[in-house]
Amino acid sequence: MAYFYEEPSRTFGEYLLVPGYSSAENVPTAVSLKTPLVKYRKGEEACPLEMNIPMISAIMQSVSGDKLAIALAREGGVSFIYGSQSIENEAAMVRRVKSYKAGYVVSDSNLAPTATLHDVLELKAHTGHSTIAITADGTPHGKLMGIVASRDYRVNHTPDDASVTTFMTPIEKLVTAPENTSLHDCNNIIWDNKINTLPLVDAEGNLKYFVFRKDYDSHKKNVNELLDANKSYVVGAGINTRDYAQRVPALVEAGADVLCIDSSEGYSEWQSRTIAWIREHYGDTVKVGAGNVVDAEGFRFLAKAGADFVKIGIGGGSICITRETKGIGRGQATAVIEVAKARDEYYKETGIYVPICSDGGIVHDYHITLALAMGADFVMLGRYFARFDESPTNKVRINGQYMKEYWGEGSNRARNWQRYDLGGSTKLSFEEGVDSYVPYAGPLADGVQTTLYKVKSTMCNCGALSIPELQQKAKLTVVSSTSIVEGGSHDVVLKNATPNIING
Ligand code: RVP
């Protein structure tokens, strides 16, 4: 006979935290959000890879490109570059993140000397950047011929077909520096010469990087940024259970710090085979997360298979319709609670701590605090990050409001059949995700900092200064449907009636 769970499975929205005693030391600025990303053994000095904030970005085309990866690492978290693209393109994205030295920017706006003002304006509208490198072949690392900035032309006076060579600042008039100039020295050159942009060139005059006046200041502000031993940003990458023998080596070679098997259902032989292949070829040097699972059995299976972390969640994602189409899944809160218990038991038995990640279904910022209190070491977010400037999708204006596009990996648009692979056909037979818009929310740094300030203040209310302390001290209660109504503003006529439903 089938097994029936006694309790219904619940979502985050059905729980609240009950405050504990907070002392005068419980202030948000004193809270540490450091958390392990990969497994470690009891007694080991430190986890081999920790994050400064408990957030990773979803392995999705509409979320985790190289720009978002840089912005998130700067805040202390990790992006997993989407795997539903060619191996070459995914590795190139990883390489771009790794070659990005905080403060040194590979130019993303480049034109050849044959370009015109029309091309400049088009490129500027596309990238949003006003500094354009003019290189001999129009590539980011071509021989530098000059720079075009907004002050070099007047839109209504300079003819549209004017050649960039007639109004750019030519190389002989530019202040440049050698490619290995330290950031500190670059900043001095910028100040001494009263310039905004300093191009760094190699011995042959090829453009390597730009250093911008504004970036130097922001670099100094990013106290949480997550860097590897070479001072490059930490980045993850998604893999699948089909082409790992080709994809993994390419991603490792490109410099990925951690991998994750991207699948809607992780309790499968395909995942254990993938991990076994990685262990056979790389031992423990390549870190790989697995998932997704929603119960203790699934967790134990992946932990024993050698996963470095385990992701939890089936059907809870904002763009996910797996529960509707296939009738499988589990309320996210219940799944996290059960898996966290299994993780703790596994740790007691084996001395190996396998971090767990709550993936999908975070709607309000406080859901992150709930997930952590329930035992998650960190959360994975798709919708949340898709809203920011740095996500790879278009910003569009709809009914007077700016939106960003956001689509599921199981949608017809993404066509990521490997994520739903059960070993059969190599196409997406039916959709498990939708294509949608989410309200545009500005720069990632502002959004993440506001969210985490809320998380830290709730932790203070619970008397906790770290995630493990929160997990130990948290008191959680299930709320009735009537008390959910009581939790919002009620029985008043709101002056500003815009509902706050999808922005945290
Ligand atoms: P959310 O943050 O609620 O938008 O959920 C993001 C998660 O949803 C992803 O990390 C992934 O686990 C899941 N996902 C991605 N695509 C799809 C789909 O098309 N069904 N689901």
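One-based numbering, in listed order, for ligands and for the atoms of each.
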Residues R279, D308: salt bridge by 4.0 Å N-O rule: yes

Contacts of F378 that satisfy ring pair (Phe, Tyr, Trp, His ring centres under 6.0 Å) - sequence neighbours left out: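 For F378 the ring pair (Phe, Tyr, Trp, His ring centres under 6.0 Å) partners, ignoring immediate neighbours, are F309.
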
Mutual orientation of the aromatic rings belonging to Y366 and H364 [parallel < 30°, tilted 30-60°, perpendicular > 60°]: parallel

Identify all pairs of nitrogen or oxygen atoms, one from ligand 1 and one from the protein, separated by less than 3.5 Å, and list them with distances.
residue, atom, partner, partner atom, Å
ligand 1, 2 (O), G382, N, 2.8
ligand 1, 2 (O), R383, N, 3.4
ligand 1, 3 (O), S318, N, 2.8
ligand 1, 3 (O), G361, N, 2.9
ligand 1, 4 (O), S318, OG, 2.7
ligand 1, 4 (O), R383, N, 2.9
ligand 1, 4 (O), Y406, OH, 2.6
ligand 1, 10 (O), D359, OD1, 2.5
ligand 1, 10 (O), D359, OD2, 3.3
ligand 1, 12 (O), D359, OD1, 3.3
ligand 1, 12 (O), D359, OD2, 2.6
ligand 1, 12 (O), R419, NH2, 3.0
ligand 1, 16 (N), E409, N, 2.9
ligand 1, 19 (O), E409, N, 3.1
ligand 1, 19 (O), G410, N, 2.6
ligand 1, 19 (O), Y420, OH, 3.4
ligand 1, 20 (N), Y420, OH, 3.3
ligand 1, 20 (N), E432, O, 2.7

Neighbour count above 12 (heavy atom, 6.0 Å) for K341 NZ: no

Neighbour count above 12 (heavy atom, 6.0 Å) for E486 CD: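 No, the 6.0 Å shell around CD holds no more than 12 heavy atoms from other groups.
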
Test of ring centre spacing under 6.0 Å for F299 and F301: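 No, they do not, as the ring centres are separated by 6.0 Å or more.
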
